[in-house]
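For reference, the structure discussed in these notes is given below.
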Protein chains: 2
Amino acid sequence: MNVRQDIHNSDIPVLCRSCEVRHKGVCGALNADQLVTLSKHSSKYRVAAGEELVADSEHVSTYSNVLAGVVKLSKMLSDGRQQIVGLQFAPDFLGRPFRTESSLNAVAATEVSLCSFPASVIERMMEEVPELERRLLKQTLNELDEARDWMLTLGRKTAAEKVASFLHLVAVNIDPEASVGRGPVAYDLPLTRADIADFLGLTIETVSRQMTKLRKEGVIEIEHNRQITIPDIGRLGLHANI
Amino acid sequence: MNVRQDIHNSDIPVLCRSCEVRHKGVCGALNADQLVTLSKHSSKYRVAAGEELVADSEHVSTYSNVLAGVVKLSKMLSDGRQQIVGLQFAPDFLGRPFRTESSLNAVAATEVSLCSFPASVIERMMEEVPELERRLLKQTLNELDEARDWMLTLGRKTAAEKVASFLHLVAVNIDPEASVGRGPVAYDLPLTRADIADFLGLTIETVSRQMTKLRKEGVIEIEHNRQITIPDIGRLGLHANI
DNA sequence: CGACCGTTTGACGCAACTCAACTTCGGTGG
DNA sequence: CCACCGAAGTTGAGTTGCGTCAAACGGTCG
């Protein structure tokens with residue numbers, strides 16, 4: 001059931017046929033021939049939660065698409081204080097064109113499924129396929145919008161609003177349909193309390209207290225620490241001040 | 001002395017000949033013919049400090065290059081809390097392709113000189129000139145890097161470090177040479193204390209106290225509230241925890 | 001001159017941090 | 001099977017960095 005029906009499905013590389021994000025990520029810009037070229041140099045693989053994908057200031061020569069799971073992007077000060085500066089969900093593109101040195105750290109927050117390709121191949125195809133470059137520009141602009149939204153959260157929201165904003169953000173990314181409706185949303189938290197704290201610029205204890213507060217107010221339900229149910233996402237939005 | 005010597009200077013539009021940023025901003029991607037096309041629809045003008053350039057959720061149909069001065073990009077919560085999410089210096093491009101509705105507010109922080117053109121012209125040229133799209137991608141990637149750097153500042157630095165980081169950021173943007181050397185840097189602050197507070201996620205009073213502290217420690221000198229001298233930018237960097 | 005704006009300075013309060021104890025849960029091995 | 005362990009999370013008590021409120025200062029403009 002994973003195989004999509006395409007007009008020229010037979011031309012589509014085997015690796016790509018069962019790919020859930022083929023039409024969504026940057027690959028959506030490519031035709032069958034271009035997909036063949038790219039897939040020749042691509043490989044899918046899974047990494048466990050906690051694995052480091054890109055080390056800070058490491059030389060990067062491969063890019064990836066996130067097929068499933070969540071990747072956290074973080075920065076650190078010399079004394080160890082850490083800040084998560086972005087979360088990548090499927091079908092996000094992972095990599096920084098025009099710079100071989102990474103300025104941040106990419107770690108799998110959950111088990112992650114990736115499709116990787118050499119940077120050189122993508123860079124060559126960007127020359128040939130303007131639509132590919134355009135997709136990258138669009139994704140980068142979206143990430144910039146998200147980063148700026150989060151700056152407002154980091155700089156101006158209270159701890160309670162920050163935690164609600166985070167739960168809201170994950171809900172919207174895991175279930176894009178949910179954000180519009182008002183029905184219940186349920187998911188497994190992709191991050192530990194420590195990660196959430198690093199994403200929100202708070203401490204573990206403050207995150208824990210605010211989660212408890214939201215639970216007692218009936219805004220969320222929590223089971224086994226990680227399973228979250230949001231009965232009314234609109235109400236959560238109010239607490240997040242969105 | 002403003003007129004640059006080019007091989008085909010006579011082909012360069014009059015409007016562009018004296019332009020200080022022509023080779024740096026997105027215009028650097030264009031040849032003489034393309035510059036002529038663009039300049040036919042362009043106009044330079046100045047706006048006073050405090051003028052609004054783009055209102056939040058306003059329909060945007062023109063883009064601009066910043067030729068001189070500083071533009072602040074900000075976001076606001078419904079109750080009035082505000083966060084500046086970016087500063088644009090020359091020769092930055094001002095606008096958000098692929099979206100006609102602005103998600104933020106652009107206000108001149110100082111007197112600003114702009115070169116504006118209709119969005120439709122840029123969008124058409126992006127189709128024809130891949131190098132233009134590439135420049136936009138590069139600028140967007142740089143802005144994303146800066147936004148993420150600032151997220152670390154907002155989420156994890158102390159008030160003292162935040163203020164030092166801000167003074168350092170302005171120094172580097174106003175005098176790009178200065179950042180490498182260790183010599184003194186002097187500039188006029190482009191932002192009021194209120195703006196600085198909104199950029200750092202602090203209050204006016206805290207910004208003022210931290211500036212006073214840096215002054216008393218000899219890290220900076222302040223004259224007439226706005227004129228800043230940094231005797232040793234490396235030392236400022238230490239206080240900023242960079 | 002007085003009104004006003006941007007800024008500084010001081011006194012005080014509180015939201016979030018720190019430190020510490022405790023609980024829960026999954027895994028592991030005797 | 002239970003005992004033990006470490007990792008993750010919760011809860012409480014006390015502290016503190018920054019916010020709030022208030023007053024005063026200096027420059028500018030009508």
Side-chain angles (χ1 to χ4, degrees), chain A residues 48-51 72 77 79-83 107 109-111 153-167 188-217 220-228 239 241, chain B residues 48-50 72 77 79-83 107 109-110 153-167 188-217 220-228 239 241:
Chain A
E51 290 285 311
K72 51 184 187 187
L77 293 173
D79 59 8
R81 280 173 287 173
Q82 201 173 17
Q83 175 70 41
V107 178
T110 62
E111 188 185 30
T153 299
L154 288 174
R156 288 304 186 196
K157 289 191 186 174
T158 64
E161 291 167 336
K162 284 180 177 183
V163 171
S165 297
F166 168 74
L167 295 170
D188 264 33
L189 265 184
L191 268 58
T192 64
R193 299 290 187 274
D195 285 338
I196 299 172
D198 281 346
F199 192 36
L200 294 170
L202 298 172
T203 59
I204 300 178
E205 294 92 328
T206 300
V207 170
S208 178
R209 280 186 247 272
Q210 297 302 335
M211 300 258 300
T212 304
K213 198 166 139 243
L214 284 172
R215 179 171 53 70
K216 286 185 179 165
E217 290 171 352
I220 58 170
E221 289 152 29
I222 308 178
E223 272 170 315
H224 304 109
N225 286 338
R226 293 287 203 110
Q227 293 176 28
I228 304 290
H239 285 262
N241 219 317
Chain B
K72 50 184 185 183
L77 292 173
D79 60 6
R81 280 173 286 172
Q82 201 173 15
Q83 176 69 44
V107 178
T110 63
T153 300
L154 288 174
R156 289 303 187 196
K157 289 190 185 173
T158 64
E161 290 166 338
K162 283 180 177 183
V163 171
S165 297
F166 168 74
L167 295 169
D188 263 33
L189 264 184
L191 267 56
T192 64
R193 299 291 187 275
D195 285 337
I196 299 172
D198 281 345
F199 193 36
L200 295 170
L202 299 171
T203 59
I204 301 179
E205 294 91 329
T206 300
V207 171
S208 178
R209 280 186 249 270
Q210 298 302 335
M211 300 258 299
T212 304
K213 199 168 137 241
L214 284 172
R215 180 171 54 72
K216 286 184 177 163
E217 289 170 353
I220 58 171
E221 289 153 28
I222 307 177
E223 272 171 317
H224 305 109
N225 285 338
R226 295 285 205 112
Q227 293 176 29
I228 304 290
H239 285 262
N241 219 317

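Chain identifiers are assigned alphabetically (A, B, ...) following the order of the sequence lines, protein sequences preceding nucleic acid strands; residue numbering begins at 1 within each chain.
- Residues that satisfy the salt bridge (charged side-chain N to carboxylate O under 4.0 Å, His left out) test with A:R81, not counting sequence neighbours, are A:D79, B:E161.
- Relative to the side chain of A:L202, the nucleotides C:dA16, D:dT11, C:dT8 differ in distance, and C:dA16 lies closest.
- Across the interface with DNA chain C, nearest-nucleotide mapping of A:A160 and B:V207 shows B:V207 to be the residue nearer the 5′ end.
- In this structure, A:T212 reaches the D:dT11 phosphate: one of its side-chain N or O atoms is under 4.0 Å from OP1 or OP2.
- A donor-acceptor contact under 3.5 Å is not formed by the side chain of B:E205 with the base of D:dC18.
- For the pair A:L191 CG and D:dG9 P, the interatomic distance rounds to 10 Å; values are reported in whole Å.
- For the pair A:D195 CG and D:dA8 P, the interatomic distance rounds to 9 Å; values are reported in whole Å.
- OP1 and OP2 of C:dA15 both lie 4.0 Å or more from every side-chain N or O belonging to A:R209.
- Taking both residues in full, the closest heavy atoms of A:R193 and A:N225 are given as NH2-O, 2.9 Å, listed atom of the first, atom of the second, then distance.
- One finds a side-chain N or O of A:T206 lying less than 4.0 angstrom from the OP1 or OP2 phosphate oxygen of C:dC17.
- When all heavy atoms of A:S165 and A:K157 are compared, the pair lying nearest together is OG-NZ, 3.0 Å.
- B:Q82 contributes no side-chain N or O that, together with a main-chain N or O of B:L77, makes up a donor-acceptor pair within less than 3.5 Å.
- Two residues, A:R156 and A:R226, neighbour DNA chain D, and the one matched to the more 5' nucleotide by heavy-atom proximity is A:R226.
- Using a 4.0 Å heavy-atom distance criterion, A:G50 is classed as making no nucleic acid contact.
- Checking C:dT9, C:dA16, D:dG19 against every side-chain atom of B:T203, the shortest atom distance belongs to D:dG19.
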